[in-house]
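All values below were derived from every heavy atom in this structure, side-chain atoms included, with hydrogens, water molecules and symmetry-related copies excluded. Chain letters run A, B, ... following the sequence lines, proteins first and then strands; every chain starts at 1.
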Protein chains: 2
Amino acid sequence: MTLTTFRENVELIDTSSLVDKVEANLVKLLQERKLKVGDAIPKELELSETLGVSRTVIREALIRLRVIGLIETKKKKGAVITSPDVFSILSKSMNPYILDQDTLREMFEIRLALEIGMADFIFQRIRPSDIVELRRIVESEPIVTEDQIFNIEHEIAFHGKLYEITGNENMKKFQKMLLPIFDYVHNSGLLKKTVNVKKFVSHKGIVDVIENGSPELLRNAMRNHLESHFERIFEK
Amino acid sequence: MTLTTFRENVELIDTSSLVDKVEANLVKLLQERKLKVGDAIPKELELSETLGVSRTVIREALIRLRVIGLIETKKKKGAVITSPDVFSILSKSMNPYILDQDTLREMFEIRLALEIGMADFIFQRIRPSDIVELRRIVESEPIVTEDQIFNIEHEIAFHGKLYEITGNENMKKFQKMLLPIFDYVHNSGLLKKTVNVKKFVSHKGIVDVIENGSPELLRNAMRNHLESHFERIFEK
DNA sequence: AATTGTATTATGTATGACATTATAAAGGTA
DNA sequence: TACCTTTATAATGTCATACATAATACAATT
């Protein structure tokens with residue numbers, strides 16, 4: 001029997017640990033809708049007895065579920081199913097010193113795509129007070145010097161406000177999750193090339209488009225505003 | 001002293017558990033760059049002795065780090081720092097039966113924004129063979145019937161290919177992560193309204209724009225293509 | 001009725017033992 | 001020497017038991 005035919009005929013042995021099995025077991029209960037949000041799951045000792053494994057194993061499985069936000073545990077109360085806070089979970093692993101360069105760049109790209117693509121949501125959900133706030137932010141914009149292309153805090157304030165206007169909490173959390181990366185990217189010199197500031201749409205320009213334009217115009221304006229970032233990403 | 005002034009003057013006591021502290025401790029080592037990818041971290045027993053807590057506590061902290069992808073552990077070898085696979089981590093918690101309606105809608109919105117905003121990356125990185133593949137996918141497109149507005153598998157194939165063309169692995173993982181949601185959204189009747197198919201840009205139209213157009217045109221085409229989704233989101 | 005004390009219960013932590021397995025070392029054969 | 005096999009070893013994985021801690025419910029007290 002050749003190796004190939006062997007591989008086709010033999011069935012993979014299960015290398016998963018007990019914890020893996022218990023975890024899968026519990027997750028399956030969720031998939032099959034035996035359990036839904038708010039439901040309590042059995043106590044550790046009950047699970048231990050029911051499933052025939054030690055409490056140690058049960059605990060590790062529960063810890064895993066807790067880390068990914070599927071359950072919450074409290075002393076004396078036990079654990080209940082929860083609706084996970086998707087992007088907040090990621091924040092912890094969003095450590096720029098740990099993520100490799102490719103991932104950092106890709107996350108940055110995702111940000112660019114999102115900010116261009118969110119135009120429709122901005123127009124759909126913006127309120128007059130938002131315009132006022134945007135104007136206020138723009139007015140307090142620090143002067144652009146040669147050394148410092150832009151002030152990061154101000155950037156975050158402005159773009160953060162845009163995320164907020166979308167009314168999409170998760171989108172905003174996504175931005176928040178990326179903040180440490182921005183900070184890093186701008187401090188690390190990764191993208192620190194002198195940039196052609198001229199002819200790019202300014203923050204003020206963006207606000208004007210939001211006030212008097214259309215989603216389509218906003219996408220183009222935003223694309224132009226972000227041009228320097230695109231340039232640096234694409235030039236290599 | 002009033003309650004208000006009391007609250008202002010008293011400092012919050014630390015309610016974090018031992019595991020919380022150990023975890024924070026280890027993460028801090030990463031932040032301060034004492035540890036970087038590939039580095040091994042001390043054995044459980046060493047940590048236990050060094051930090052003066054039981055192995056149980058150490059193990060739970062390590063489990064947490066493992067779940068969020070910061071370390072990998074192997075028998076006999078111990079644990080090493082790894083660069084987390086950001087979006088894949090989320091896949092587990094991306095359970096449509098657990099996520100609440102708002103989150104589901106918001107994730108769907110993020111998808112729409114991304115697909116519109118990714119135009120530049122598609123143009124920047126597309127290769128001739130990609131066009132061929134897109135054409136092939138479009139040609140095998142099933143006939144649109146009244147009952148079934150579109151074939152989900154085909155949708156995934158086409159849009160998945162677009163994600164792939166962006167050359168952004170994480171963006172692709174993001175799409176993959178959302179698949180169970182699409183499936184759910186389309187099966188659950190959540191968005192199942194009859195839709196005006198006429199005058200919308202088809203998949204074929206998208207490919208034409210990719211071949212002969214520009215990022216700007218692609219954004220508009222994609223926005224139009226996704227119009228039915230936007231309609232259903234915005235109408236309520 | 002509202003507050004304070006008390007018992008209970010489930011999770012959190014500690015300890016010690018053994019199981020499992022991937023690596024490294026030792027040994028044997030060509 | 002080089003390669004394969006066996007054996008030892010060191011780390012994580014699992015088990016069992018005990019106790020600590022904290023949140024709840026309920027009783028007691030004012």
Side-chain angles (χ1 to χ4, degrees), chain A residues 3 6 10 12-27 29 35 38-82 84 92, chain B residues 1-3 6-7 10-27 29 35 38-82 84 92:
Chain A
L3 184 59
F6 177 79
V10 104
L12 294 174
I13 60 162
D14 183 17
T15 66
S16 64
S17 67
L18 277 181
V19 178
D20 292 332
K21 295 191 181 74
V22 171
E23 186 193 7
N25 208 315
L26 291 174
V27 169
L29 287 182
L35 296 175
D39 286 354
I41 64 182
K43 312 309 172 191
E44 294 178 354
L45 277 175
E46 289 180 50
L47 284 170
S48 173
E49 287 170 21
T50 312
L51 300 181
V53 295
S54 73
R55 192 179 152 218
T56 309
V57 168
I58 299 292
R59 270 187 71 79
E60 173 163 345
L62 292 181
I63 290 165
R64 292 188 187 177
L65 297 186
R66 207 173 40 188
V67 172
I68 61 179
L70 253 52
I71 64 173
E72 272 177 11
T73 64
K74 273 188 173 178
K75 279 196 172 130
K76 164 100 183 198
K77 290 287 279 186
V80 297
I81 310 289
T82 56
K92 280 190 176 178
Chain B
M1 203 190 261
T2 68
L3 184 59
F6 177 79
R7 283 207 174 119
V10 107
E11 55 188 78
L12 293 174
I13 60 164
D14 181 19
T15 66
S16 64
S17 68
L18 280 179
V19 177
D20 291 333
K21 295 192 180 74
V22 171
E23 185 194 5
N25 209 314
L26 291 173
V27 169
L29 287 181
L35 296 175
D39 286 355
I41 65 182
K43 312 309 171 191
E44 294 178 356
L45 277 175
E46 289 181 51
L47 284 171
S48 172
E49 287 170 20
T50 313
L51 301 181
V53 295
S54 73
R55 191 178 154 219
T56 310
V57 168
I58 300 293
R59 272 187 68 80
E60 173 164 344
L62 292 181
I63 290 165
R64 291 189 188 177
L65 297 186
R66 209 174 39 189
V67 171
I68 61 179
L70 253 52
I71 65 172
E72 273 176 9
T73 65
K74 272 189 174 179
K75 281 194 173 130
K76 166 100 184 200
K77 289 286 279 184
V80 297
I81 311 289
T82 57
K92 280 191 176 177

Is the shortest heavy-atom distance from the side chain of [X] to the side chain of [Y] under 4.5 Å?
| X | Y | result |
| --- | --- | --- |
| L62(A) | L26(A) | yes |
| R64(A) | D20(A) | yes |
| K92(A) | E23(B) | yes |

Kindly indicate whether the side chain of [X] and the base of [N] share any N or O donor-acceptor pair separated by less than 3.5 Å?
| X | N | value |
| --- | --- | --- |
| R55(B) | dG16(C) | no |
| T56(B) | dA14(C) | yes |
| K76(B) | dT23(C) | yes |

Round to a whole Å and report the spacing from [atom1] of [X] to [atom2] of [N].
| X | N | atom1 | atom2 | value |
| --- | --- | --- | --- | --- |
| K75(A) | dG12(C) | NZ | P | 7 Å |
| E60(A) | dG12(C) | CD | C1' | 16 Å |
| L47(B) | dA10(D) | CG | C1' | 16 Å |
| K43(B) | dT9(D) | NZ | C1' | 13 Å |
| E44(A) | dG12(C) | CD | C1' | 9 Å |
| E72(B) | dT21(C) | CD | P | 19 Å |
| L45(A) | dA10(C) | CG | P | 8 Å |
| I41(A) | dA10(C) | CD1 | P | 13 Å |

*asked:* For I58(B), run the side-chain contact (heavy atoms from CB on, under 4.5 Å) check against V53(B), L45(B), V19(B) and tell me which one passes.
replied: V53(B)
*Is the shortest side-chain N/O distance from R59(A) to OP1 or OP2 of dG13(D) below 4.0 Å?*
no
*May I ask you to verify if any side-chain N or O of T73(A) is less than 4.0 angstrom from the OP1 or OP2 atom of dG12(C)?*
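True: T73(A) side-chain N/O within range (under 4.0 Å) of dG12(C) OP1/OP2.
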*Return the 5'-most residue of the pair K74(A), A79(B) with respect to DNA chain D, ranking by each residue's nearest nucleotide.*
A79(B)
*Between E46(B) and V19(A), just flag the one whose closest nucleotide in DNA chain D comes earlier from the 5' side.*
E46(B)
*Determine yes or no for a side-chain-to-main-chain donor-acceptor pair under 3.5 angstrom, with K43(B) supplying the side chain and A79(B) the backbone.*
no
